[in-house]
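In what follows, chains are A, B, ... by sequence order, proteins preceding strands, each numbered from 1. These numbers come from the heavy atoms of this one structure, side chains and all, not from hydrogens, waters or symmetry mates.
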Amino acid sequence: MEPEISNQSLLFLTVFVFIPLSLSYFYQLGLSRNILWSSIRGTLQLFAIGYLLTYLFDLQAGIGIPLMISIMIMVAAFHARLKGRELPNVFWYILAGLVVIEVSVLSMWLLFDMVEFTPSEVIPMSGMVIGNSMIAMGLALERMKNEFKENNGRLLAALSLGAKPNSASKLIVQKTLNAALIPNVDQLKTIGLVQLPGMMTGLILGGVEPVMAIKYQLVISLSIFSSVSLSAMFITLSMYRYFFNEQAQLLETEEEIRNQT
Amino acid sequence: MFRFEGVSYGPLKNLSFSINKKEKVMLFGPSGAGKSTLLFLFNRLHSPSEGQIYLEGQDVADYEVTALRKRVGLVLQEPNLFPGTVLDNIKYGPSIFGEWEDQDAKRLLQYVHLPSSYVNRDAEQLSGGEKQRVSLARTLANSPEILLLDEPTSALDYRTAEEIEDCLEILIEEHKLTMVMVTHNLNQARRLGDRGLFMVNGKIIEDGKISEMLTNPQTNELARFIEE
(Lines give C-alpha, C1' and ligand atoms only; values in the text may rest on other atoms or scores of the structure.)
Protein backbone atom coordinates (compact mmCIF):
# COMPACT_ATOMS: atom_id res chain seq x y z
CA MET A 1 0.00 0.00 0.00
CA GLU A 2 1.37 3.38 -0.91
CA PRO A 3 0.82 5.93 1.86
CA GLU A 4 -1.20 8.95 0.84
CA ILE A 5 -1.60 12.15 2.81
CA SER A 6 -4.35 14.37 1.51
CA ASN A 7 -3.94 18.13 1.20
CA GLN A 8 -6.68 18.61 3.79
CA SER A 9 -4.74 16.45 6.25
CA LEU A 10 -1.66 18.52 5.54
CA LEU A 11 -3.57 21.66 6.41
CA PHE A 12 -4.15 20.21 9.87
CA LEU A 13 -0.39 20.39 10.38
CA THR A 14 -0.83 24.11 11.04
CA VAL A 15 -1.95 23.01 14.52
CA PHE A 16 1.61 21.86 15.16
CA VAL A 17 2.83 25.33 14.25
CA PHE A 18 0.07 27.00 16.26
CA ILE A 19 1.23 25.35 19.53
CA PRO A 20 4.77 26.83 19.67
CA LEU A 21 3.37 30.07 18.24
CA SER A 22 0.90 30.40 21.13
CA LEU A 23 3.61 29.49 23.64
CA SER A 24 5.84 32.19 22.21
CA TYR A 25 2.99 34.73 22.36
CA PHE A 26 1.92 33.71 25.87
CA TYR A 27 5.42 33.79 27.36
CA GLN A 28 6.51 36.78 25.23
CA LEU A 29 9.48 34.85 23.82
CA GLY A 30 9.67 37.07 20.75
CA LEU A 31 9.91 34.01 18.51
CA SER A 32 6.53 34.27 16.75
CA ARG A 33 7.88 35.85 13.60
CA ASN A 34 10.73 33.38 13.43
CA ILE A 35 8.46 30.37 13.97
CA LEU A 36 6.01 31.55 11.32
CA TRP A 37 8.73 32.40 8.81
CA SER A 38 10.63 29.12 9.34
CA SER A 39 7.44 27.07 8.99
CA ILE A 40 6.44 28.79 5.75
CA ARG A 41 9.99 28.71 4.40
CA GLY A 42 10.44 25.04 5.34
CA THR A 43 7.15 24.05 3.68
CA LEU A 44 7.95 25.95 0.49
CA GLN A 45 11.49 24.56 0.40
CA LEU A 46 10.23 21.00 0.81
CA PHE A 47 7.61 21.34 -1.93
CA ALA A 48 10.16 22.98 -4.22
CA ILE A 49 12.67 20.20 -3.59
CA GLY A 50 9.87 17.64 -4.09
CA TYR A 51 9.17 18.98 -7.57
CA LEU A 52 12.89 19.33 -8.32
CA LEU A 53 13.51 15.73 -7.24
CA THR A 54 10.65 14.49 -9.41
CA TYR A 55 12.32 16.27 -12.31
CA LEU A 56 15.81 15.01 -11.40
CA PHE A 57 14.63 11.42 -10.92
CA ASP A 58 13.42 11.49 -14.50
CA LEU A 59 16.80 12.70 -15.74
CA GLN A 60 19.64 10.37 -16.68
CA ALA A 61 21.57 9.29 -13.54
CA GLY A 62 24.84 10.60 -15.01
CA ILE A 63 23.38 14.12 -15.21
CA GLY A 64 20.87 14.30 -12.34
CA ILE A 65 23.12 12.92 -9.62
CA PRO A 66 26.22 15.14 -10.18
CA LEU A 67 23.98 18.17 -10.70
CA MET A 68 22.04 17.75 -7.48
CA ILE A 69 25.04 16.71 -5.40
CA SER A 70 26.98 19.77 -6.61
CA ILE A 71 24.10 22.04 -5.60
CA MET A 72 23.83 20.36 -2.20
CA ILE A 73 27.57 20.66 -1.54
CA MET A 74 27.66 24.32 -2.59
CA VAL A 75 24.70 25.23 -0.37
CA ALA A 76 26.17 23.25 2.55
CA ALA A 77 29.57 24.92 2.16
CA PHE A 78 27.99 28.40 2.01
CA HIS A 79 26.00 27.67 5.14
CA ALA A 80 28.79 26.06 7.20
CA ARG A 81 31.26 28.85 6.39
CA LEU A 82 29.10 31.28 8.38
CA LYS A 83 30.35 29.64 11.57
CA GLY A 84 33.92 30.57 10.82
CA ARG A 85 33.76 33.40 8.34
CA GLU A 86 36.74 35.24 9.87
CA LEU A 87 38.99 32.26 9.07
CA PRO A 88 40.80 32.70 5.77
CA ASN A 89 39.72 30.34 2.96
CA VAL A 90 37.24 28.58 5.23
CA PHE A 91 34.72 28.20 2.38
CA TRP A 92 37.24 26.42 0.18
CA TYR A 93 38.32 24.08 2.96
CA ILE A 94 34.70 23.15 3.69
CA LEU A 95 33.97 22.70 0.01
CA ALA A 96 37.02 20.49 -0.52
CA GLY A 97 36.19 18.46 2.60
CA LEU A 98 32.59 17.88 1.52
CA VAL A 99 33.60 16.88 -2.02
CA VAL A 100 36.19 14.38 -0.78
CA ILE A 101 33.82 12.90 1.81
CA GLU A 102 30.87 12.62 -0.57
CA VAL A 103 32.97 11.08 -3.34
CA SER A 104 34.53 8.57 -0.92
CA VAL A 105 31.22 7.55 0.64
CA LEU A 106 29.47 7.29 -2.71
CA SER A 107 32.32 5.19 -4.12
CA MET A 108 32.05 2.80 -1.17
CA TRP A 109 28.28 2.47 -1.62
CA LEU A 110 28.61 1.73 -5.31
CA LEU A 111 31.69 -0.46 -5.00
CA PHE A 112 30.03 -2.76 -2.47
CA ASP A 113 26.62 -2.69 -4.12
CA MET A 114 24.91 -1.05 -1.20
CA VAL A 115 23.15 1.52 -3.32
CA GLU A 116 22.16 1.65 -6.94
CA PHE A 117 23.39 4.53 -9.05
CA THR A 118 19.93 5.99 -9.51
CA PRO A 119 18.88 9.51 -8.51
CA SER A 120 16.11 8.18 -6.26
CA GLU A 121 18.65 6.28 -4.11
CA VAL A 122 21.83 8.32 -4.35
CA ILE A 123 20.38 11.84 -3.93
CA PRO A 124 18.45 11.38 -0.65
CA MET A 125 21.25 9.33 0.91
CA SER A 126 23.94 11.77 -0.20
CA GLY A 127 21.80 14.59 1.16
CA MET A 128 21.93 12.99 4.59
CA VAL A 129 25.70 12.56 4.45
CA ILE A 130 26.31 16.11 3.19
CA GLY A 131 23.83 17.66 5.62
CA ASN A 132 25.29 15.93 8.65
CA SER A 133 28.84 16.72 7.55
CA MET A 134 27.84 20.37 7.15
CA ILE A 135 26.46 20.46 10.70
CA ALA A 136 29.57 18.72 12.05
CA MET A 137 31.90 21.21 10.34
CA GLY A 138 29.87 24.19 11.56
CA LEU A 139 29.82 22.85 15.13
CA ALA A 140 33.53 22.09 15.06
CA LEU A 141 34.36 25.60 13.83
CA GLU A 142 32.17 27.23 16.45
CA ARG A 143 33.50 25.06 19.24
CA MET A 144 37.10 25.59 18.17
CA LYS A 145 36.68 29.38 18.24
CA ASN A 146 35.22 29.21 21.75
CA GLU A 147 37.97 26.91 22.95
CA PHE A 148 40.61 29.29 21.62
CA LYS A 149 38.95 32.15 23.52
CA GLU A 150 38.51 30.19 26.74
CA ASN A 151 42.01 28.73 26.73
CA ASN A 152 43.84 31.90 25.78
CA GLY A 153 46.01 31.81 28.93
CA ARG A 154 46.92 28.15 28.51
CA LEU A 155 47.86 28.73 24.89
CA LEU A 156 50.08 31.66 25.83
CA ALA A 157 51.64 29.53 28.56
CA ALA A 158 52.32 26.69 26.13
CA LEU A 159 53.79 28.99 23.48
CA SER A 160 55.94 30.76 26.04
CA LEU A 161 57.37 27.39 27.07
CA GLY A 162 58.52 26.82 23.51
CA ALA A 163 55.59 24.85 22.11
CA LYS A 164 54.85 25.18 18.42
CA PRO A 165 51.26 26.01 17.43
CA ASN A 166 50.43 22.37 16.70
CA SER A 167 51.41 21.14 20.16
CA ALA A 168 50.05 24.23 21.91
CA SER A 169 46.64 23.60 20.30
CA LYS A 170 46.56 19.89 21.02
CA LEU A 171 44.15 20.37 23.91
CA ILE A 172 41.88 22.60 21.80
CA VAL A 173 41.81 20.08 18.96
CA GLN A 174 41.00 17.25 21.39
CA LYS A 175 38.19 19.18 23.06
CA THR A 176 36.74 20.29 19.71
CA LEU A 177 36.72 16.80 18.26
CA ASN A 178 35.32 15.35 21.43
CA ALA A 179 32.44 17.82 21.41
CA ALA A 180 31.77 17.26 17.73
CA LEU A 181 31.81 13.47 17.90
CA ILE A 182 30.12 12.67 21.22
CA PRO A 183 26.53 13.40 20.03
CA ASN A 184 27.11 11.04 17.12
CA VAL A 185 28.54 8.30 19.26
CA ASP A 186 25.58 8.66 21.64
CA GLN A 187 23.13 8.63 18.76
CA LEU A 188 24.68 5.48 17.34
CA LYS A 189 24.58 3.82 20.76
CA THR A 190 20.85 4.38 21.19
CA ILE A 191 19.81 3.94 17.60
CA GLY A 192 16.55 2.00 17.33
CA LEU A 193 16.09 2.01 21.12
CA VAL A 194 15.20 5.63 21.75
CA GLN A 195 14.01 6.61 18.32
CA LEU A 196 13.57 4.86 15.03
CA PRO A 197 15.77 6.74 12.58
CA GLY A 198 14.06 8.83 9.91
CA MET A 199 15.10 6.82 6.91
CA MET A 200 14.04 3.53 8.44
CA THR A 201 10.70 4.97 9.51
CA GLY A 202 10.16 6.31 6.00
CA LEU A 203 10.93 2.98 4.39
CA ILE A 204 8.66 1.07 6.78
CA LEU A 205 5.85 3.57 6.14
CA GLY A 206 6.51 3.10 2.44
CA GLY A 207 5.85 -0.62 2.80
CA VAL A 208 9.42 -1.98 2.90
CA GLU A 209 10.07 -4.95 5.22
CA PRO A 210 11.59 -3.81 8.57
CA VAL A 211 14.73 -5.97 8.14
CA MET A 212 15.37 -4.46 4.71
CA ALA A 213 14.72 -0.99 6.15
CA ILE A 214 17.25 -1.71 8.90
CA LYS A 215 19.89 -2.69 6.33
CA TYR A 216 19.43 0.63 4.54
CA GLN A 217 19.46 2.44 7.87
CA LEU A 218 22.74 0.74 8.83
CA VAL A 219 24.33 1.81 5.57
CA ILE A 220 23.27 5.41 6.07
CA SER A 221 23.92 5.57 9.84
CA LEU A 222 27.43 4.22 9.58
CA SER A 223 28.15 6.37 6.53
CA ILE A 224 26.97 9.44 8.41
CA PHE A 225 28.97 8.45 11.48
CA SER A 226 32.20 8.16 9.57
CA SER A 227 31.63 11.25 7.41
CA VAL A 228 30.76 13.35 10.46
CA SER A 229 33.94 12.17 12.19
CA LEU A 230 36.02 12.88 9.11
CA SER A 231 34.40 16.30 8.55
CA ALA A 232 35.00 17.46 12.11
CA MET A 233 38.56 16.16 12.05
CA PHE A 234 39.35 17.62 8.64
CA ILE A 235 38.04 21.11 9.36
CA THR A 236 39.56 21.29 12.86
CA LEU A 237 42.99 20.10 11.76
CA SER A 238 42.92 22.38 8.70
CA MET A 239 41.79 25.54 10.47
CA TYR A 240 43.44 25.63 13.93
CA ARG A 241 46.67 26.97 12.46
CA TYR A 242 44.90 30.15 11.32
CA PHE A 243 44.72 31.18 14.98
CA PHE A 244 48.50 31.65 14.89
CA ASN A 245 50.80 33.61 12.66
CA GLU A 246 54.03 32.30 11.19
CA GLN A 247 55.98 33.60 14.18
CA ALA A 248 54.08 31.20 16.45
CA GLN A 249 52.14 34.09 17.96
CA LEU A 250 48.54 33.69 19.01
CA LEU A 251 46.09 35.85 17.04
CA GLU A 252 43.55 36.98 19.55
CA THR A 253 41.08 39.16 17.66
CA GLU A 254 38.85 38.35 14.69
CA GLU A 255 40.49 41.22 12.84
CA GLU A 256 43.98 39.77 13.33
CA ILE A 257 42.79 36.36 12.15
CA ARG A 258 41.01 37.79 9.11
CA ASN A 259 43.89 40.04 8.07
CA GLN A 260 46.72 37.55 8.36
CA THR A 261 48.77 37.00 5.25
CA MET B 1 71.39 42.00 27.39
CA PHE B 2 68.09 43.33 25.96
CA ARG B 3 67.95 46.57 23.99
CA PHE B 4 64.71 48.18 22.79
CA GLU B 5 65.10 50.77 20.06
CA GLY B 6 62.11 52.94 19.11
CA VAL B 7 59.66 50.12 19.81
CA SER B 8 55.95 50.71 19.25
CA TYR B 9 53.18 48.14 19.52
CA GLY B 10 49.54 48.56 20.57
CA PRO B 11 49.57 51.13 23.41
CA LEU B 12 53.38 51.27 23.48
CA LYS B 13 54.94 54.32 21.86
CA ASN B 14 58.53 54.61 20.71
CA LEU B 15 60.20 52.88 23.65
CA SER B 16 63.98 52.84 23.90
CA PHE B 17 65.77 51.31 26.86
CA SER B 18 68.23 48.54 27.78
CA ILE B 19 68.22 45.83 30.38
CA ASN B 20 71.49 44.43 31.67
CA LYS B 21 72.30 40.89 32.64
CA LYS B 22 71.17 39.91 36.18
CA GLU B 23 69.18 43.11 36.57
CA LYS B 24 65.90 42.87 38.47
CA VAL B 25 63.56 45.25 36.72
CA MET B 26 60.11 46.16 38.01
CA LEU B 27 57.57 47.42 35.50
CA PHE B 28 54.85 49.35 37.23
CA GLY B 29 52.27 51.98 36.50
CA PRO B 30 48.52 52.50 36.21
CA SER B 31 46.27 50.00 34.42
CA GLY B 32 46.34 50.28 30.64
CA ALA B 33 49.90 51.61 30.61
CA GLY B 34 51.02 48.68 28.42
CA LYS B 35 53.12 46.79 30.99
CA SER B 36 51.97 43.28 30.06
CA THR B 37 52.12 44.15 26.37
CA LEU B 38 55.72 45.23 26.85
CA LEU B 39 56.51 42.01 28.72
CA PHE B 40 55.17 39.88 25.85
CA LEU B 41 57.56 41.61 23.43
CA PHE B 42 60.59 40.17 25.23
CA ASN B 43 59.81 36.57 24.24
CA ARG B 44 58.10 37.41 20.94
CA LEU B 45 54.58 36.57 21.99
CA HIS B 46 54.09 39.92 20.25
CA SER B 47 56.30 41.57 17.67
CA PRO B 48 56.81 45.32 17.51
CA SER B 49 54.99 47.20 14.76
CA GLU B 50 57.91 49.63 14.71
CA GLY B 51 61.46 49.51 16.05
CA GLN B 52 63.78 46.66 16.99
CA ILE B 53 64.46 44.54 20.04
CA TYR B 54 67.93 43.08 20.45
CA LEU B 55 69.05 40.22 22.67
CA GLU B 56 72.81 40.20 23.08
CA GLY B 57 73.19 42.38 20.01
CA GLN B 58 71.06 40.21 17.75
CA ASP B 59 67.56 41.15 16.63
CA VAL B 60 65.11 38.85 18.46
CA ALA B 61 63.31 38.38 15.12
CA ASP B 62 66.41 36.50 13.92
CA TYR B 63 66.28 33.95 16.74
CA GLU B 64 64.43 30.68 16.24
CA VAL B 65 61.28 31.56 18.17
CA THR B 66 61.00 28.41 20.31
CA ALA B 67 64.67 28.60 21.28
CA LEU B 68 64.20 32.27 22.24
CA ARG B 69 61.19 31.41 24.39
CA LYS B 70 63.16 28.70 26.15
CA ARG B 71 65.78 31.28 27.12
CA VAL B 72 63.19 33.90 28.08
CA GLY B 73 60.72 32.23 30.45
CA LEU B 74 57.34 33.74 31.29
CA VAL B 75 55.08 33.31 34.30
CA LEU B 76 51.58 34.68 33.76
CA GLN B 77 49.18 36.31 36.18
CA GLU B 78 46.99 33.19 36.25
CA PRO B 79 48.80 29.85 36.55
CA ASN B 80 47.03 28.42 33.47
CA LEU B 81 48.10 24.88 34.30
CA PHE B 82 47.50 22.18 31.71
CA PRO B 83 45.13 19.30 32.49
CA GLY B 84 46.96 16.37 34.06
CA THR B 85 49.37 15.98 36.95
CA VAL B 86 51.93 18.36 38.38
CA LEU B 87 54.58 16.26 36.63
CA ASP B 88 52.82 16.62 33.25
CA ASN B 89 53.00 20.38 33.72
CA ILE B 90 56.57 20.59 34.89
CA LYS B 91 57.98 18.45 32.11
CA TYR B 92 55.97 20.18 29.36
CA GLY B 93 58.71 22.61 28.30
CA PRO B 94 61.76 20.30 28.58
CA SER B 95 59.87 17.52 26.74
CA ILE B 96 59.49 19.82 23.73
CA PHE B 97 63.26 20.12 23.54
CA GLY B 98 63.91 16.47 24.47
CA GLU B 99 65.65 17.49 27.67
CA TRP B 100 63.46 16.00 30.38
CA GLU B 101 64.85 13.68 33.02
CA ASP B 102 62.55 12.33 35.72
CA GLN B 103 64.85 13.22 38.60
CA ASP B 104 64.45 16.91 37.67
CA ALA B 105 60.92 16.94 39.08
CA LYS B 106 62.03 16.70 42.71
CA ARG B 107 64.59 19.48 42.30
CA LEU B 108 62.09 21.78 40.58
CA LEU B 109 59.46 21.26 43.26
CA GLN B 110 62.07 22.02 45.90
CA TYR B 111 62.82 25.32 44.16
CA VAL B 112 59.23 26.41 44.62
CA HIS B 113 58.91 24.96 48.15
CA LEU B 114 56.56 22.12 47.31
CA PRO B 115 57.04 18.55 48.59
CA SER B 116 58.15 15.99 46.02
CA SER B 117 55.01 13.95 46.80
CA TYR B 118 53.11 16.57 44.75
CA VAL B 119 54.49 15.15 41.52
CA ASN B 120 51.50 12.93 40.84
CA ARG B 121 48.82 15.29 42.14
CA ASP B 122 46.09 16.44 39.81
CA ALA B 123 47.02 20.01 38.85
CA GLU B 124 43.36 21.09 38.88
CA GLN B 125 43.00 20.14 42.54
CA LEU B 126 45.76 22.40 43.88
CA SER B 127 45.16 25.65 45.76
CA GLY B 128 45.76 29.00 44.02
CA GLY B 129 49.17 29.45 45.65
CA GLU B 130 50.24 25.89 44.84
CA LYS B 131 49.15 26.31 41.23
CA GLN B 132 51.23 29.45 40.90
CA ARG B 133 54.24 27.63 42.37
CA VAL B 134 53.80 24.81 39.84
CA SER B 135 53.53 27.41 37.10
CA LEU B 136 56.82 28.91 38.29
CA ALA B 137 58.46 25.45 38.43
CA ARG B 138 57.15 24.74 34.92
CA THR B 139 58.87 27.87 33.61
CA LEU B 140 62.07 27.15 35.53
CA ALA B 141 62.16 23.63 34.09
CA ASN B 142 63.33 25.16 30.81
CA SER B 143 66.33 26.69 32.64
CA PRO B 144 65.65 30.22 31.35
CA GLU B 145 68.26 32.97 31.61
CA ILE B 146 65.63 35.69 31.78
CA LEU B 147 62.47 35.40 33.83
CA LEU B 148 59.44 37.48 32.87
CA LEU B 149 56.70 37.69 35.49
CA ASP B 150 53.31 39.23 34.79
CA GLU B 151 51.83 40.07 38.19
CA PRO B 152 52.29 36.50 39.42
CA THR B 153 50.88 37.17 42.88
CA SER B 154 48.02 39.55 42.10
CA ALA B 155 45.38 36.82 42.30
CA LEU B 156 46.70 35.48 45.61
CA ASP B 157 46.08 36.44 49.23
CA TYR B 158 48.70 38.45 51.11
CA ARG B 159 50.33 35.51 52.93
CA THR B 160 50.52 33.29 49.82
CA ALA B 161 51.86 36.19 47.78
CA GLU B 162 54.58 36.69 50.34
CA GLU B 163 55.54 33.00 50.18
CA ILE B 164 55.85 33.22 46.39
CA GLU B 165 57.99 36.33 46.82
CA ASP B 166 60.27 34.38 49.19
CA CYS B 167 60.63 31.69 46.54
CA LEU B 168 61.38 34.21 43.84
CA GLU B 169 63.92 36.09 45.90
CA ILE B 170 65.94 32.92 46.52
CA LEU B 171 65.55 31.60 42.97
CA ILE B 172 66.64 34.80 41.25
CA GLU B 173 69.67 35.02 43.49
CA GLU B 174 70.67 31.35 43.25
CA HIS B 175 70.20 31.05 39.51
CA LYS B 176 71.56 34.51 38.74
CA LEU B 177 68.56 35.23 36.57
CA THR B 178 67.70 38.45 34.87
CA MET B 179 64.17 39.35 35.89
CA VAL B 180 61.52 41.65 34.45
CA MET B 181 58.39 41.74 36.55
CA VAL B 182 55.10 43.56 36.16
CA THR B 183 53.62 44.50 39.51
CA HIS B 184 51.08 46.81 41.08
CA ASN B 185 52.44 46.15 44.52
CA LEU B 186 55.07 48.75 45.43
CA ASN B 187 56.28 46.83 48.48
CA GLN B 188 56.87 43.85 46.26
CA ALA B 189 58.70 46.08 43.76
CA ARG B 190 60.91 47.44 46.52
CA ARG B 191 61.61 43.98 47.90
CA LEU B 192 62.36 42.11 44.68
CA GLY B 193 63.61 44.75 42.28
CA ASP B 194 66.69 46.87 41.93
CA ARG B 195 65.51 48.97 39.00
CA GLY B 196 62.11 50.40 38.21
CA LEU B 197 60.45 51.41 34.96
CA PHE B 198 57.37 53.52 35.62
CA MET B 199 54.97 53.49 32.69
CA VAL B 200 52.03 55.71 31.82
CA ASN B 201 50.05 55.56 28.57
CA GLY B 202 52.53 53.37 26.72
CA LYS B 203 55.59 55.41 27.69
CA ILE B 204 58.31 54.97 30.28
CA ILE B 205 58.30 58.21 32.18
CA GLU B 206 60.71 57.28 34.97
CA ASP B 207 63.59 54.85 34.95
CA GLY B 208 65.93 54.43 37.89
CA LYS B 209 66.85 52.69 41.09
CA ILE B 210 63.59 51.43 42.54
CA SER B 211 64.25 52.48 46.14
CA GLU B 212 65.07 56.03 45.04
CA MET B 213 62.12 56.23 42.66
CA LEU B 214 59.70 55.28 45.41
CA THR B 215 61.15 57.64 48.02
CA ASN B 216 61.92 60.53 45.73
CA PRO B 217 59.68 60.50 42.63
CA GLN B 218 60.72 62.87 39.85
CA THR B 219 57.34 63.20 38.16
CA ASN B 220 53.90 64.18 39.42
CA GLU B 221 52.47 61.01 37.88
CA LEU B 222 54.73 58.75 39.94
CA ALA B 223 54.14 60.80 43.08
CA ARG B 224 50.38 60.44 42.57
CA PHE B 225 50.72 56.72 41.83
CA ILE B 226 52.68 56.17 45.08
CA GLU B 227 50.08 58.13 47.09
CA GLU B 228 47.24 56.08 45.66
Side-chain angles (χ1 to χ4, degrees), chain A residues 86 88 140 143-182 185 232-233 236-237 240-261, chain B residues 9-10 36-37 39-48 60-84 88-99 123 131 134-144 146-150 155:
Chain A
E86 65 275 38
R143 179 76 186 214
M144 184 166 56
K145 285 194 312 193
N146 287 337
E147 290 294 342
F148 266 97
K149 260 184 212 151
E150 276 172 26
N151 288 286
N152 182 282
R154 275 185 179 149
L155 286 159
L156 285 176
L159 292 174
S160 74
L161 289 165
K164 292 197 169 143
N166 60 343
S167 22
S169 342
K170 204 174 157 193
L171 177 70
I172 309 278
V173 171
Q174 277 174 344
K175 281 185 161 188
T176 304
L177 291 179
N178 215 9
L181 298 188
I182 277 187
V185 176
M233 214 171 281
T236 308
L237 294 175
Y240 80 84
R241 59 201 170 93
Y242 287 107
F243 288 84
F244 302 89
N245 64 15
E246 55 194 11
Q247 299 185 62
Q249 291 165 340
L250 185 62
L251 303 175
E252 293 173 52
T253 63
E254 286 191 4
E255 203 187 344
E256 282 178 322
I257 294 169
R258 193 177 291 121
N259 295 337
Q260 66 184 294
T261 46
Chain B
Y9 176 78
S36 298
T37 310
L39 204 66
F40 285 8
L41 286 168
F42 281 90
N43 67 349
R44 261 175 75 192
L45 280 177
H46 294 322
S47 294
V60 290
D62 296 336
Y63 281 89
E64 206 279 304
V65 69
T66 55
L68 174 79
R69 287 175 186 164
K70 183 178 181 299
R71 283 182 72 180
V72 187
L74 171 70
V75 177
L76 294 159
Q77 189 172 3
E78 297 289 334
N80 293 302
L81 297 185
F82 308 129
D88 293 333
N89 274 274
I90 296 179
K91 68 182 196 182
Y92 186 89
S95 302
I96 295 168
F97 302 99
E99 292 173 0
K131 281 183 181 170
V134 173
S135 157
L136 185 57
R138 183 175 66 177
T139 302
L140 292 170
N142 265 345
S143 311
I146 302 130
L147 191 58
L148 309 171
L149 300 136
D150 188 9

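Only the side chain of B/L76 comes within contact range of chain A, with at least one heavy atom under 4.5 Å from a heavy atom of that chain. Using a 4.5 Å cut-off between heavy atoms, B/Y92 touches chain A through its side chain atoms alone. Of the two parts of B/L45, the backbone and the side chain both hold a non-hydrogen atom closer than 4.5 Å to a non-hydrogen atom of chain A. Heavy atoms of A/Q174 lying under 4.5 Å from chain B are absent altogether. Residue contact with chain A, scored on non-hydrogen atoms closer than 4.5 Å, involves the backbone and the side chain of B/S47 alike. Neither the backbone nor the side chain of B/L148 comes within contact range of chain A, judged by heavy atoms closer than 4.5 Å. With a 4.5 angstrom heavy-atom cutoff, A/L159 touches chain B via backbone and side-chain atoms both.
Looking at residues two or more places apart in sequence or on another chain, you find a side chain to side chain donor-acceptor pair (under 3.5 Å) between A/K145 and A/E86.
When each of B/A61, B/P94, B/P83, B/A67 is scored by its heavy-atom pairs under 4.5 Å with chain A, the top score falls to B/P83.
For the pair A/A248 and B/V65, the tightest heavy-atom approach, listed with the atom from each and the gap, is CB-CG1, 4.0 Å. Closest approach of B/R69 and A/Q247 over heavy atoms only: NH2-O, 3.5 Å.
For the atom pair B/L81 CG and A/R154 CZ, the distance stands at 8.0 Å (nearest 0.5 Å). Between the CG atom of A/L156 and the NE2 atom of B/H46 there is a distance of 7.5 Å, given to the nearest 0.5 Å. Distance OG/A/S160 to CZ/B/R44: 14.0 Å, rounded to 0.5 Å.
No side-chain heavy atom of A/L161 sits under 4.5 Å from any side-chain heavy atom of B/F97.
Around the CD atom of A/E255, the shell of radius 6.0 Å holds no more than 12 heavy atoms that belong to other residues, nucleotides or ligands.
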